[in-house]
Amino acid sequence: MESRRGMMNPWAEEESSSDLVAMRRIQRLSSHISPDVTAPPLPLVQAERCSSRSSKKLEVNGEALSLYMRGKHMDIQEKVFDFFNSRPDLQTPIEISKDDHRELCMNQLLGLVRDAGIRPFRYVADDPEKYFAIMEAVGSVDMSFGIKMGVQYSLWGGSVLNLGTKKHRDKYFDGIDNLDYTGCFAMTELHHGSNVQGLQTTATFDPLKDEFVIDTPNDGAIKWWIGNAAVHGKFATVFARLILPTHDSKGVSDMGVHAFIVPIRDMKTHQTLPGVEIQDCGHKVGLNGVDNGALRFRSVRIPRDNLLNRFGDVSRDGKYTSSLPTINKRFGATLGELVGGRVGLAYASVGVLKISATIAIRYSLLRQQFGPPKQPEVSILDYQSQQHKLMPMLASTYAYHFATVYLVEKYSEMKKTHDEQLVADVHALSAGLKSYVTSYTAKSLSVCREACGGHGYAAVNRFGSLRNDHDIFQTFEGDNTVLLQQVAADLLKRYKEKFQGGTLTATWSYLRESMNTYLSQPNPVTARWEGEDHLRDPKFQLDAFRYRTSRLLQNVAARLQKHSKTLGGFGAWNRCLNHLLTLAESHIESVILAKFIEAVKNCPDPSARAALKLACDLYALDRIWKDIGTYRNVDYVAPNKAKAIHKLTEYLSFQVRNVAKELVDAFELPDHVTRAPIAMQSDAYSQYTQVVGF
Ligand SMILES: Cc1cc2nc3c(=O)[nH]c(=O)nc-3n(C[C@H](O)[C@H](O)[C@H](O)COP(=O)(O)OP(=O)(O)OC[C@H]3O[C@@H](n4cnc5c(N)ncnc54)[C@H](O)[C@@H]3O)c2cc1C
């Protein structure tokens, strides 16, 4: 290893012969694919001592921490990583055209299913936790690949499983599973994205032929952005208004949006089928390995059986039946079944945050700039400003990890039990976590790029592709601003129920238990407590988060009531919109903190637990400090306490910095994920200089 590294060091090289040049090219390529991370880290620069508190470094049992973090699906993730490490032909190069990238992604998916023998669709149905673990691993190989897999199995496959009945499962399961039946999820139209109830595509029942006729009535109703449509899809689940003939003067009845399986390409020739028109949505900001397309339908006929009829059916004689009484209820149930995609995005977004935080933190430990006079330069992570950028982010990554693991567990439970309260809980929680986490990750990617200076801008160091690929996570599977409103609406509903003596779902139970406590006047004595033990007490932290949510909730409920008298419901909601978004975020932060505190408590290894406690305290106090104006305004926190919170946050940032390496190592991201040369623990520069051609 040593000699190989020596030879690759550009400063050590003699004049290059043609053999050497050829050898270097091969090594450059192979180091790019599988870099050398085995060499010892550079010695860390002694960090400056922080105030009077101890700066003693915590010794962390990395193996125990890693085991706790990676959880029960480590094996399947390892299998994915090993497979792709062994197949350089399936790794995505830095420079690749849109068309080649699309083909590569399809081949990656085929490789996963047919060569590695990993069948994600089986887990969509029976073990969603495992499915999401595969998705996270696959997304770290190439995010386009992760999304391509999500389109095939969560969206197209998931719609057949969740909105269809046994006959659909029997007919389509194997083909979807083995990729013979590639498919799309065609909901969005040119004129309607978030407002799904406004969709205009129609599916009109023809009783004579026992068929539905699918039509795009105008250009605004062209299905747009549909993943898998431009090149690979053979089927689409098309969301359309179900139109039934009636015997009254109107002649037809609009039964609302339903889902239909529509074949779009010939199974043998792959030619577009008659009546279907497909266009390519073209080159995108990111995710160019996914072939998004636009679909127009001109009187496309499909058998009656192709209606995904779990929540509503049409009989041979054109009669409509449903166990649900209204269009709104059916619509809610239909969308409710599709939350899996949202759960997957929240989970995958944490995966992206882990990657970017790892790259930026490893680089910051290694990179040295300036220093005290006549002394060695210091690691840039020893600058308070760099700690301020990256350490709360690292703590948040841990916080979101535990919160999304919890979400995935709840989702799996919901799939098994179909418990009504759990369904409501998972719906709001997935909306909240998806929007909160993806927005945070999107912002953090820019912070990480900047934290790595100019080298962060080199494509090989990954921030560009991560940022571009991840950016749309904020929009698809529900725009974040729209989803947060669903959380706020749900909170208001629960709030009303609380005062009417109703039950509350698990995630909301704190409102029932403590609304009265939170809404009473802040205690002037505790408002002054500033001891470290008190500030690091989970009870203080959680109380502070919940107090803020409860106040926001009570205030916005009163404001809505006031404004609705003059502006009506819609106008009042819009008048209070920013307030409602803050409320939703505050609630989600409370849930995240509660899950983090629980995870710290449950960690079996004392040293790993101590490291997690540091990160958890930093997460909580940093959030409180960021919102200190709110707490000061109502004297929940007195001036001396605010100052103590600030000082302790800085100290905790410093302490987390001392175990930052152990904390990022515990993510156990494989080599190909952190292959960004700047993230290397050793000979980073030689690897980097090779990549650019020295
Ligand atoms: C790469 C990519 C892949 C996609 N894949 C698929 C797919 O496979 N299948 C599919 O069906 N769709 C797909 N989509 C579509 C995606 O789901 C929609 O883009 C998304 O739902 C948002 O809808 P929209 O684009 O119409 O945005 P809009 O709803 O028009 O939103 C635009 C802006 O208006 C704001 N806004 C809208 N309504 C409100 C409101 N009530 N209150 C406050 N602000 C509001 C939003 O916050 C947003 O900032 C994909 C999109 C992309 C870009």
Side-chain angles (χ1 to χ4, degrees), residues 98 101-102 105 139 143-159 163 182-201 216 220-233 235-240 257 259-260 262 264 278 280-295 334-335 338-342 344-345 348 431 434-435 438-439 442 468-489 569-582 584-585:
K98 166 174 71 60
H101 198 177
R102 288 170 170 187
C105 269
M143 230 183 288
S144 285
F145 172 24
I147 297 302
K148 182 101 179 159
M149 184 184 116
V151 169
Q152 171 68 13
Y153 294 126
S154 309
L155 295 183
W156 151 236
S159 62
L163 303 181
T182 45
C184 323
F185 178 89
M187 182 179 268
T188 304
E189 295 174 359
L190 186 53
H191 279 182
H192 290 97
S194 303
N195 182 8
V196 179
Q197 271 181 305
L199 296 182
Q200 293 179 303
T201 303
T216 303
I222 294 174
K223 294 290 176 187
W224 209 272
W225 286 129
I226 309 307
N228 244 353
V231 182
H232 296 122
F235 296 87
T237 292
V238 174
F239 289 81
V257 175
F260 302 82
V262 182
I264 57 171
I278 305 179
D280 193 328
C281 288
H283 203 259
K284 303 187 291 286
V285 171
L287 293 182
N288 278 304
V290 184
D291 52 318
N292 293 93
L295 298 166
T334 301
L335 291 197
L338 303 174
V339 294
R342 212 169 274 163
L345 278 193
K434 183 270 183 186
S435 45
T438 59
S439 292
N468 288 350
D469 287 345
H470 176 277
D471 192 72
I472 196 64
F473 281 38
Q474 299 173 97
T475 302
F476 59 21
E477 292 288 338
D479 169 84
N480 283 358
T481 307
V482 174
L483 289 183
L484 282 177
Q485 290 179 59
Q486 291 179 14
V487 178
F570 187 86
W573 187 267
N574 196 23
R575 182 78 174 71
C576 300
L577 198 45
N578 290 332
H579 195 153
L580 288 159
L581 298 176
T582 310
E585 284 171 344

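Counting from 1, the numbers follow the sequence of the chain as shown. Note: hydrogens, waters and symmetry copies are ignored here, and every other heavy atom, side chains too, is used. Both counts, for ligands and for their atoms, begin at 1 and track the order of listing.
For atom 35 (C) of ligand 1, the nearest protein heavy atom lies 4.0 Å or farther away. For atom 10 (C) of ligand 1, a protein heavy-atom neighbour is found at a distance under 4.0 Å. The nearest protein heavy atom to atom 38 (N) of ligand 1 is closer than 4.0 Å. Protein heavy atoms are absent from the space less than 4.0 angstrom from atom 32 (C) of ligand 1.
Looking only at atom types and distance, the side chain of Asn480 has a donor-acceptor partner in the side chain of Thr438 under 3.5 Å away. At a cut-off of 3.5 Å, with distance as the only test, no side-chain donor of Thr182 or Gln152 sits close to an acceptor on the other residue. Using a 3.5 Å distance cut-off with no hydrogens or angles, the side chains of Ser194 and Asp479 do not pair a donor with an acceptor.
Only one option out of Asn292, Asp291, Asp280, Asn228 pairs with Arg102 in a side-chain hydrogen bond (donor to acceptor under 3.5 Å, both in side chains); it is Asp280.
In terms of polar-atom proximity, Asp479 is counted as a contact of ligand 1, with an N or O under 3.5 Å from an N or O of the ligand. For ligand 1, the polar-atom distance check finds an N/O of Gly227 within less than 3.5 Å of one of the ligand's N/O atoms. Ligand 1 has an N or O atom lying under 3.5 Å from an N or O atom of Phe185, backbone or side chain. For a threshold of 3.5 Å applied to N or O pairs, the pair formed by Met187 and ligand 1 contains at least one separation below that value.
With a heavy-atom cut-off of 4.0 Å, Thr188 touches ligand 1 through backbone and side chain alike. Contacts of Asn480 with ligand 1, taken as heavy-atom pairs under 4.0 Å, are absent altogether. The residue Lys223 has no part lying near ligand 1, judged by heavy-atom distances below 4.0 Å.
Ranking the protein heavy atoms by distance from atom 45 (C) of ligand 1 puts Val482 CG2, 4.1 Å first. Closest to atom 40 (C) of ligand 1, if we only count protein heavy atoms, is Gln485 NE2, 3.7 Å. Nearest non-hydrogen protein atom to atom 53 (C) of ligand 1 is Ile472 CD1, 3.3 Å. Summary of contacts: the protein heavy atom closest to atom 2 (C) of ligand 1 is Phe476 CD2, 3.8 Å. If you check which protein heavy atom lies closest to atom 3 (C) of ligand 1, you get Asn292 ND2, 3.3 Å. Remark: minimum distance from atom 44 (N) of ligand 1 to any protein heavy atom is reached at Thr481 CG2, 4.1 Å.
The heavy atom nearest to atom 14 (N) of ligand 1, considering only Trp573, Trp225, Trp156, Phe473, is found in Trp225. Closest heavy-atom approach to atom 29 (O) of ligand 1 within the set Cys281, Ser435, Ser194, Gly293: this belongs to Ser194. Among Asn574, Leu484, Thr475, the residue whose heavy atom lies closest to atom 19 (O) of ligand 1 is Thr475. Counting heavy atoms only, Gly193 comes closest to atom 26 (O) of ligand 1 of the residues Gly193, Cys184, Gly198, Ala236.
Between Ile264 and Phe235 the shortest heavy-atom distance is CG1-N, 3.9 Å. Heavy-atom minimum distance, Gly289 versus Cys105: O-CB, 3.5 Å. Residues Ala259 and Leu163 approach most closely at CB-CD1, 3.9 Å, considering heavy atoms. The shortest heavy-atom contact between Ala236 and Ala186 is CB-CB, 4.4 Å. When every heavy atom of Leu287 is checked against every heavy atom of Asp469, the shortest pair comes out as N-OD1, 2.7 Å.
Using a 4.5 Å heavy-atom cutoff, the side chains of Leu484 and Glu585 are in contact.
A heavy-atom separation below 4.0 Å is not found between Leu287 and ligand 1. Using a 4.0 Å cutoff on heavy atoms, Val151 does not count as a contact of ligand 1.
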**Request:** For salt bridge (charged side-chain N to carboxylate O under 4.0 Å, His left out), just list the numbers for Arg342 and Glu477, CA-CA rounded to whole Å, side-chain angles, deciding distance to a tenth of an Å, and then say yes or no.
**Result:** CA-CA 6 Å; Arg342 212 169 274 163; Glu477 292 288 338; 5.0 Å; no
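How far CG of Leu580 is from OG1 of Thr481: 12.5 Å, rounded to the nearest 0.5 Å.
Remark: side-chain polar atoms of Lys284 are paired, donor with acceptor, to backbone N or O of Val290 under 3.5 angstrom.
A ring-centre distance under 6.0 Å is not found for Phe260 and Phe239.
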